[in-house]
Amino acid sequence: MRIATWNVNSLKIRLPRVEEWLAYAEPDVLCMQETKLADSAFPAMAFQTLGYEAVYCGQGQWNGVAILSRVGLKDVVAGFSDQADDEVVEARLLWATCGGVRVGSVYVPNGRSVGSEHYEAKLVWLARLRRHIESSYDPNEPLIVCGDYNVAPTDDDAWDPSKLHGATHVSPPEREAVGALLDWGLVDTFRTLRPETGIYSWWDYRAGDFHEGRGLRIDLALATKPLAERATFALIDRNARKGKQPSDHAPMVIDFDP
DNA sequence: ATGGTAGCGCTGCTA
């Protein structure tokens, strides 16, 4: 079973590249983030043609998450478990069961700059995610929470830790918030299979960061141990960050034994 | 180098 995650940065603009990549990589499940589409505009038909069912949680202009699956799509839930019906929340969280695995597609708030109100909101969001997972799931069941965490878990996940000191995505509180997910029982599947440094999933569009190798590994696939132990292969597809109109993120693939 | 680019949507925001 191949599970993938990709922050597509506008599915409207990226649809041709996503279609091309699905045909090439053939994931069984693809979690997407930053679709930037209202649900009424989601191109479900295009994915159906390629053999994928789709669920999506969008809000238009910003955010938006989705899950594609060709191994079933059941028990779909959007948002947090403690969300009130009248609470206005951004479209950043979606769950579904695909081929016996509980899958989450998450788009963690960016945080903008350390100490800003957006940064504080990011930490609150991550703590709420931890509570949601803790109250809804069991570390002994097959669960994978994929997406753009906007956190590089360790210095090995950043191009130059010394230049990033004090910056967002690498601060200790953000890393502790991701660490709390690992403490509950999730495993960073990519890092387990790929211990080498210098592998990133996001590069700023500006200043030629991609070609200069200035990236961060902020797209993660965190799985419970019973599932993580079945992981056999992990790849971040840098080729999908090249060429015409790429997303600023590359897709990541994890393969699991049955 | 306190810059730079992309997307949304039409002015300046978000990333």
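A note on names: the letters A, B, ... follow the listed sequences, proteins ahead of strands, and every chain is numbered from 1.
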Checklist entry - Taking for each residue the nucleotide of DNA chain B bearing the nearest heavy atom, is the 5' side occupied by A:E34 or by A:L11? => result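 Between the two, 5'-proximity favours A:L11.
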Checklist entry - Taking for each residue the nucleotide of DNA chain B bearing the nearest heavy atom, is the 5' side occupied by A:A207 or by A:P109? => result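 This one resolves to A:A207.
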Find the distance [X]:[atom1] to [N]:[atom2] and express it as a whole number of Å.
X      : N      : atom1 : atom2 : answer
A:D209 : B:dA1  : CG    : C1'   : 13 Å
A:R214 : B:dG3  : CZ    : C1'   : 11 Å
A:Q33  : B:dG7  : CD    : P     : 17 Å
A:D248 : B:dA15 : CG    : P     : 12 Å
A:D204 : B:dA1  : CG    : P     : 19 Å
A:E212 : B:dG4  : CD    : C1'   : 12 Å
A:Y119 : B:dA15 : OH    : C1'   : 18 Å
A:K244 : B:dG7  : NZ    : C1'   : 16 Å

Item to check | Sidechain N-carboxylate O distance under 4.0 Å for A:D188, A:R194 | outcome: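 Answer for the salt bridge query: no.
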Checklist entry - Could A:D255 and A:R2 be called an ion pair, given the rule that one side-chain N must be under 4.0 Å from one carboxylate O? => result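 Salt bridge flag = yes for A:R2 with A:D255.
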Next on the checklist: To the closest 0.5 Å, what do you measure between NZ (A:K242) and NE2 (A:H211)?
Outcome noted: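 Taking NZ in A:K242 and NE2 in A:H211, the distance rounds to 9.0 Å.
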Next on the checklist: Using a 4.0 Å heavy-atom cut-off, does A:Y107 contact any base of the nucleic acid, only the sugar-phosphate backbone, or nothing at all?
Outcome noted: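 Sugar-phosphate, no base atom in range.
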Next on the checklist: Within the 4.0 Å heavy-atom criterion, would you say A:R14 contacts the bases, only the backbone, or no part of the nucleic acid?
Outcome noted: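 A:R14: backbone/sugar contact only, no base atoms under 4.0 Å.
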Checklist entry - So does A:R206 get a side-chain nitrogen or oxygen closer than 4.0 Å to the phosphate oxygens (OP1/OP2) of B:dA6? => result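 So the side chain of A:R206 is outside the cut-off, no N or O lying under 4.0 Å from OP1 or OP2 of B:dA6.
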Checklist entry - Phosphate oxygens OP1/OP2 of B:dC8: is one of them under 4.0 Å from a side-chain N or O of A:S10? => result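 Looking at the OP1 and OP2 atoms of B:dC8, one of them is under 4.0 Å from a side-chain N or O of A:S10.
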Next on the checklist: Does A:R128 form a salt bridge (Lys or Arg N to Asp or Glu O under 4.0 Å) with A:D82? I'd like the steps, not just the answer.
Outcome noted: CA-CA 9 Å; A:R128 194 179 188 184; A:D82 63 353; 2.8 Å; yes
Checklist entry - Are side-chain N/O atoms of A:D237 and A:W21 paired as donor and acceptor at under 3.5 Å? => result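 A:W21 and A:D237 do have a side-chain donor-acceptor pair below 3.5 Å.
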With rounding to whole Å, what would you report as the distance between [N] and [M] at their [atom1] atoms?
N      : M      : atom1 : value
B:dG7  : B:dA1  : C1'   : 25 Å
B:dG9  : B:dA15 : P     : 15 Å
B:dC10 : B:dT14 : C1'   : 15 Å

Item to check | Shortest side-chain distance from A:Q245, nucleotide among B:dG7, B:dG4, B:dG9 | outcome: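 Output: B:dG7.
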Checklist entry - To the side chain of A:I13, which of B:dA6, B:dC8, B:dA15 is closest? => result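 Looking only at side-chain atoms, A:I13 lies closest to B:dC8.
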